Amino acid sequence: MFDLVVRNGVVVTASDTFECDIGVENGTISAMARNLPPGEQEYDARGNFVLPGGIDSHVHLDQDSPETGAVSANNFFSGTVSAACGGTTTVIPFARQVKGSSLRQAVTDYHARAENKAVIDYAFHVIVTDPTPSVLGQELPALAAEGYTSVKFYMTYDALKLADMEILEVLEFCRREGAMPMVHAENSDCIKWLSAKMLNRGLVHPRYKGVVHNPIVEREAATRAISFAELADVPLLIVHVATAEAAEQIRSARSRGLKIIGETCPQYLVLTEHDIDKEGMEGAKYICSPPPQSDENRRKLWQHLETGTFQVFSSDHAPFRMDSPTGKFVQGTSIPFSRITNGLPGIELRMPLLFSEGVQTGRISINEFVALTSTNAAKTYGLYPKKGTICIGADADLAIWNPNHEVRASIDILHDEMDYTPYEGTQIKGWPTTVFSRGKVVCQDLEFRGNRGHGEFLRCNRPNVPRQDDYAVTLANRFLAHQS
Ligand code: DUC
Ligand code: ZN
Ligand code: ZN
């Protein structure tokens, strides 16, 4: 007898859409067929899609800023509750090295933050800020062997950024060990130079954040990062791509056969510079790096999403409250745009926003939605097929998706302990009404129903970066999805 049978749903993976029941034993999928025998628990998914739970592979949970004193609004409990209630069943936050201390120390520290709190499964990327010989020679190889197989580095922020030689050394490590490098690609000096120009003229309103992060700033860094990856002969994921200019660089690199992977986020597909332009300090709600850009840029990013430039869609959830002395205004309430804490919340609305704005509008197929929100991240970070798809042997992480359920986005319905959502008032059509993590209900009808500490640490295998045509969902698939 199964522990759980999910019946009568339309199962969707990155490649297929079909009707069948799903039998679950000990948290994993053990049967997929029509008319399965009964389970101890029965769930009727008739009229709904059954999707693999989402993987949010770019989230900052309980990640404070030692430089400014800003404190994340989410610990691993509230952050993962919020994720689960939006259809996500795996998160990959960061363990950030503080310059001068060890990476191992950072990993130990973040484990302590997550243990007994996370309600869904989690892995960690490491952030390298100080690639000393012992970090490169001992710590990183040992951590990769233990399941930390993705390494993020920055090209901006004084406390975080690496010099070109350091970047090449990190990429060399990734090549040697088969680890996945990820980069925040923005040119630090361009930002500083433009910021000084604005501030010297007294141009301090949040709107100037967008002016300073001119699209050239991201394009310049993305181009160089791609060149470094080509030189080191290693795949590279460019995180939170905000501009069509950087997306063009990714597309061009991929067309040359390089394994350059692009990630974008809801804020770049839904928000624009008009949001940052709001009265007074309202614009602070939309301050992140890189910030949303023009309407035309947003339109082009959608085109890039539709045509395969991006493989991963993450939230870059970085929650800092407007009303907290350690939030957006930790450096003061009358401060220029450059001193407002960077980051937007988005972990809960990531999947509903893309479903509503992408699938319902016909911009992407539901299979592409699954690929972008779950499957491709699992492949990229070595979690596939335990996570990221629906197949026999996979974890029973399932999001029962009601395509007709309408929700008006509002801070009142979210679970992330924030005092605002940048998407307030947005009408969303399609919602994950029940979410299972390893066969256990974690969320039902927008309410958390899981258990603190249910989430387990996932050791990532070496990434298997697929060739381009394995990532791409075929046109035939898209055609079929639109027929149904
Ligand atoms: N930018 C980042 O690089 N990280 C978190 C938040 C942000 O806005
Ligand atoms: Zn970043
Ligand atoms: Zn980030």
Side-chain angles (χ1 to χ4, degrees), residues 55-68 70-74 79 83 91-98 110 124-129 150-162 167 181-188 190-191 195 206 209-210 212-213 217-218 221-222 225 236-243 246 261-268 270-271 273 275-276 283-293 312-322 326-331 337-347 350 377 381 416 418 420-422:
I55 299 176
D56 197 341
S57 55
H58 187 155
V59 296
H60 301 271
L61 296 182
D62 209 349
Q63 190 186 330
D64 307 331
S65 167
E67 291 74 33
T68 64
V71 175
S72 168
N74 285 167
V91 286
I92 316 184
F94 298 91
R96 179 208 148 164
Q97 181 192 22
V98 175
Y110 278 89
F124 283 110
H125 308 291
V126 293
I127 293 176
V128 174
T129 60
S150 43
V151 182
K152 185 178 177 193
F153 64 91
Y154 287 78
M155 297 173 86
T156 186
Y157 299 132
D158 286 341
L160 301 171
K161 72 177 184 196
L162 301 189
I167 292 174
M182 311 160 69
V183 61
H184 176 140
E186 287 191 291
N187 182 304
S188 185
C190 291
I191 294 170
S195 289
K209 176 83 179 175
V212 161
H213 291 250
V217 171
E218 190 179 43
L236 176 68
L237 185 137
I238 303 185
V239 301
H240 54 47
V241 174
T243 63
I261 301 163
E263 172 198 87
T264 194
C265 313
Q267 49 271 38
Y268 308 120
V270 177
L271 306 174
E273 59 192 0
D275 295 292
I276 313 185
K285 292 180 176 174
Y286 309 90
I287 290 255
C288 57
S289 287
Q293 293 285 347
V312 182
F313 184 75
S314 309
S315 68
D316 195 9
H317 180 73
F320 297 98
R321 290 177 67 109
M322 292 286 280
T326 56
K328 281 276 176 194
F329 301 108
V330 68
Q331 299 192 75
F337 64 85
S338 54
R339 301 184 68 199
I340 296 170
T341 306
N342 275 308
L344 304 185
I347 201 166
R350 173 185 75 112
Y381 298 116
D416 61 3
M418 281 292 289
Y420 80 94
T421 166

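In this chain, numbering begins with 1 at the start of the sequence shown. For clarity, every value in this text was computed on a predicted model and none was experimentally measured. Atoms within a ligand are numbered from 1 in the order they appear, just like the ligands themselves.
- Inside a sphere of radius 2.8 Å centred on the Zn ion (ligand 3), the protein N/O/S atoms present are His58 NE2, His60 NE2, Asp316 OD1.
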Between the protein and ligand 1, which nitrogen or oxygen pairs come in under 3.5 Å, and how far apart is each?
unit_1: ligand 1; atom_1: 1 (N); unit_2: Tyr157; atom_2: OH; d: 3.3
unit_1: ligand 1; atom_1: 1 (N); unit_2: Ser289; atom_2: O; d: 2.9
unit_1: ligand 1; atom_1: 3 (O); unit_2: Tyr157; atom_2: OH; d: 3.2
unit_1: ligand 1; atom_1: 3 (O); unit_2: His184; atom_2: ND1; d: 3.0
unit_1: ligand 1; atom_1: 8 (O); unit_2: Ser289; atom_2: N; d: 2.9
unit_1: ligand 1; atom_1: 8 (O); unit_2: Gly343; atom_2: N; d: 3.3

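- Note on Arg96 versus Glu67: salt bridge recorded, some NZ/NE/NH1/NH2 to OD/OE distance being below 4.0 Å.
- Smallest separation of non-hydrogen atoms from Thr68 and Val330: O-CG2, 3.5 Å.
- The only member of His184, Lys209, Glu186 that meets side-chain hydrogen bond (donor to acceptor under 3.5 Å, both in side chains) when paired with Ser289 is Lys209.
- In this structure, OH in Tyr381 is found 4.0 Å from CG in Leu237, a value given to the nearest 0.5 Å.
- Counting heavy atoms from C-beta outward, Met155 and Lys161 have side chains that stay 4.5 Å or more apart.
- In this structure, Tyr154 and Leu162 have side chains that are not in contact, with every pair of non-hydrogen atoms separated by 4.5 Å or more.
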Test log, rule side chain to side chain contact (heavy atoms under 4.5 Å, CB included), inputs Tyr286 and Gln267: CA-CA 8 Å; Tyr286 309 90; Gln267 49 271 38; over 6 Å; no
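- In this structure, the side chains of Tyr420 and Leu344 come closer than 4.5 Å at one or more pairs of heavy atoms.
- Under the 3.5 Å distance criterion, with hydrogens and angles disregarded, no donor-acceptor pair is assigned to the side chains of His317 and Asp416.
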